[in-house]
Amino acid sequence: MVDLGLQYQTMQAEIDEAIRKVIDSQSFIKGEFVGQFESHLQDYLHVKHVIGVSSGTSALYLALLALQIGEGDEVIVPSFTFVATAEAVVLVGAKPVFADVDWETMNIDVADVERKITPKIKAIIPVHLYGLCADMQAILALANKHSIAVVEDACQSMGSKCKLEGEYKHAGTLGKIGCTSFFPSKNLGCYGDGGAVFTDDDALANLVRSLANHGMGNRKYHSEQVGINSRLDTLQAAILDVKLRHLDTFLQKRRQVAKNYEKALEHEPHFLLPQYDENSHSFHQYTLRIVDCSREKVQKSLSQAGIASAVYYPEPIHLQPAYAFLGYKKGDLPVTEKLCDSVLSLPMYPELSEQQVAFICEKLVESLTL
Ligand SMILES: *Cc1c(COP(=O)(O)O)cnc(C)c1O
């Protein structure tokens, strides 16, 4: 699905030097490299605060903690996402309320969100799935009307820009708090686990920073609240700082790969292609919806040709055993359930060549005739 080794080769000298600098400094926790990366990412995203944390999951967890969401509160999330979106809600003691998604964008369906708003709902977590911006204009309007916080799950959408009142802003910077992941295969990935929280709110930023470091402020060994150890690793920050310099090039290449797929597949009625505009999609994944034919057969014949493909996600969260206690049943979220049976993601990474895409598409089309 990705070839991270190939990407490393394109910036090996820079990354090796960054790693060596951290080791030379012997400053492995926090320190100047974390601060530098945070400040560079702030400039890139045009956001006031970036707080590096230990993963995307911790970013979501800390964001909810900082908003003081907990016992007795409810949070609207999609069920068609990676499990961490809902997991964070349960971990802070609140209850996830699942909204369905839209068949075309595969992002949260705002009309269903509206139907599910009650006085107990304290936040909405839209996910910019596969790198495509959720309808932030409508979500923010709805959230403002009901005084509900919007926490963006921007784990798949580093570099995507969402339209708000005719202007494009970076995904993760439109809501009250944004969360991202630097998992190796994400758009901006490190060489281990990592994540970040974005916000323009000074008080929230201080709180997240403190919560991620045992509830301590500037005074060491003096906790102002119960926190946790969720800091971004210094080696990872140094690697990310190098990769951030290349991010726009990577994004441009991802968009070109998407265009190559589109050109080859746009006339295939069994493959529904991602819907997007130029800015709003960063193509973390290139995901087809396969209709009126067997996805299993398509995937099998790709595999026989040595081509990777993946289903993100085969099982909606609301039907998974860990979430059975919420009481959902099959049929509750029909679009989500249908997407779980239809989606197929194709290899997607900046270095994927035009010839490789042509080969993948040839095998894809061939699979329909087998
Ligand atoms: C990757 C991902 C996460 C979790 O990020 P980690 O860094 O792996 O903890 C959360 N939400 C979504 C949508 C993701 O894709």
Side-chain angles (χ1 to χ4, degrees), residues 1-2 4 37 41 50-65 75-92 96 98-99 101 105-108 123-134 136 139 150-160 162 171-172 175 177-198 208 212 228-233 235-237 239-240 243 254 274 281-287 310-318 320 322-323 336 339-340 343 345 348-349:
M1 296 299 287
V2 296
L4 296 172
F37 168 63
L41 190 55
V50 166
I51 301 116
V53 298
S54 59
S55 69
T57 307
S58 333
L60 289 161
Y61 173 69
L62 293 165
L64 294 173
L65 273 188
V75 178
I76 297 181
V77 295
S79 174
F80 190 58
T81 172
F82 182 60
V83 70
T85 317
E87 192 175 58
V89 175
V90 177
L91 287 176
V92 299
F98 293 110
V101 287
T105 64
M106 301 183 260
N107 278 324
I108 202 160
I124 305 170
I125 311 183
V127 179
H128 307 299
L129 197 71
Y130 307 138
L132 176 68
C133 286
M136 288 305 288
I139 292 165
V150 174
V151 177
E152 294 175 76
D153 182 338
C155 288
Q156 300 188 2
S157 57
M158 179 58 77
S160 308
C162 308
I177 299 195
C179 300
T180 203
S181 164
F182 304 126
F183 185 84
S185 61
K186 301 283 160 99
N187 289 358
L188 179 62
C190 59
Y191 291 171
D193 277 310
V197 172
F198 320 141
V208 168
I228 192 169
N229 175 0
S230 269
R231 300 175 296 245
L232 175 64
D233 185 89
L235 273 169
Q236 301 304 342
I239 292 164
L240 286 163
K243 291 184 82 176
R254 282 181 183 277
H281 211 321
S282 54
F283 291 101
H284 171 56
Q285 298 295 343
Y286 194 83
T287 305
V311 174
Y312 305 119
Y313 296 91
E315 215 184 350
I317 301 174
H318 70 281
Q320 295 190 29
Y323 296 85
T336 296
L339 281 171
C340 287
V343 289
S345 297
M348 168 53 87
Y349 51 92

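Each ligand, and each atom within it, is numbered from 1 in the order the structure gives. The residues of the chain are indexed from 1 along the displayed sequence. What you see is a predicted model; the values in this text were computed from it and never measured.
- Cysteines Cys155 and Cys179 have SG atoms no closer than 2.5 angstrom.
- Formation of a donor-acceptor pair under 3.5 Å by the Asn107 side chain with backbone atoms of Pro126 is not found in this model.
- Distance from atom 13 (C) of ligand 1 to its nearest protein heavy atom, with residue and atom name: Asp153 OD2, 3.4 Å.
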side-chain contact (heavy atoms from CB on, under 4.5 Å) evaluation trace for Ile108 with Thr81
CA-CA 10 Å; Ile108 202 160; Thr81 172; over 6 Å; no
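- Given atom 15 (O) of ligand 1, the protein heavy atom at minimum distance is Gln156 NE2, 2.8 Å.
- Every atom of ligand 1 is numbered from 1 in the order shown, and the set under 4.0 Å from a heavy atom of Ser55 is 7 (O), 9 (O).
- In this structure, Phe37 has its ring center under 6.0 Å from that of Phe182.
- Checking only distances, Gly56 does come within under 3.5 Å of ligand 1, N or O to N or O.
- Note: Phe82 and Tyr313 have tilted aromatic rings, judged against thresholds of 30 and 60 degrees for the angle between ring planes.
- Near Thr81, meaning under 4.0 Å from any of its heavy atoms, are these atoms of ligand 1: 13 (C).
- Among Met158, Glu152, His128, the single residue meeting the side chain to side chain contact (heavy atoms under 4.5 Å, CB included) criterion with Thr180 is Met158.
- For ligand 1, the atoms sitting less than 4.0 Å from at least one non-hydrogen atom of Ala84 are 4 (C), 10 (C), numbered in the order shown with element in parentheses.
- Counting heavy atoms from C-beta outward, Pro274 and His281 have side chains that approach closer than 4.5 Å.
- Put simply, no part of His284 is less than 4.0 Å from ligand 1, judged by heavy atoms.
- Heavy-atom contacts of Val127 reach the following atoms of ligand 1: 13 (C) (cutoff under 4.0 Å).
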Are Glu87 and Tyr323 close enough, and set up right, to give a side-chain contact (heavy atoms from CB on, under 4.5 Å), and what steps lead you there? CA-CA 9 Å; Glu87 192 175 58; Tyr323 296 85; 3.5 Å; yes
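- The backbone and the side chain of Thr57 each have at least one atom closer than 4.0 Å to an atom of ligand 1 (non-hydrogen atoms only).
- Distance from atom 1 (C) of ligand 1 to its nearest protein heavy atom, with residue and atom name: Lys186 NZ, 1.5 Å.
- Contact annotation for Cys155 and ligand 1: only side-chain heavy atoms (C-beta onward) come within less than 4.0 Å of the ligand.
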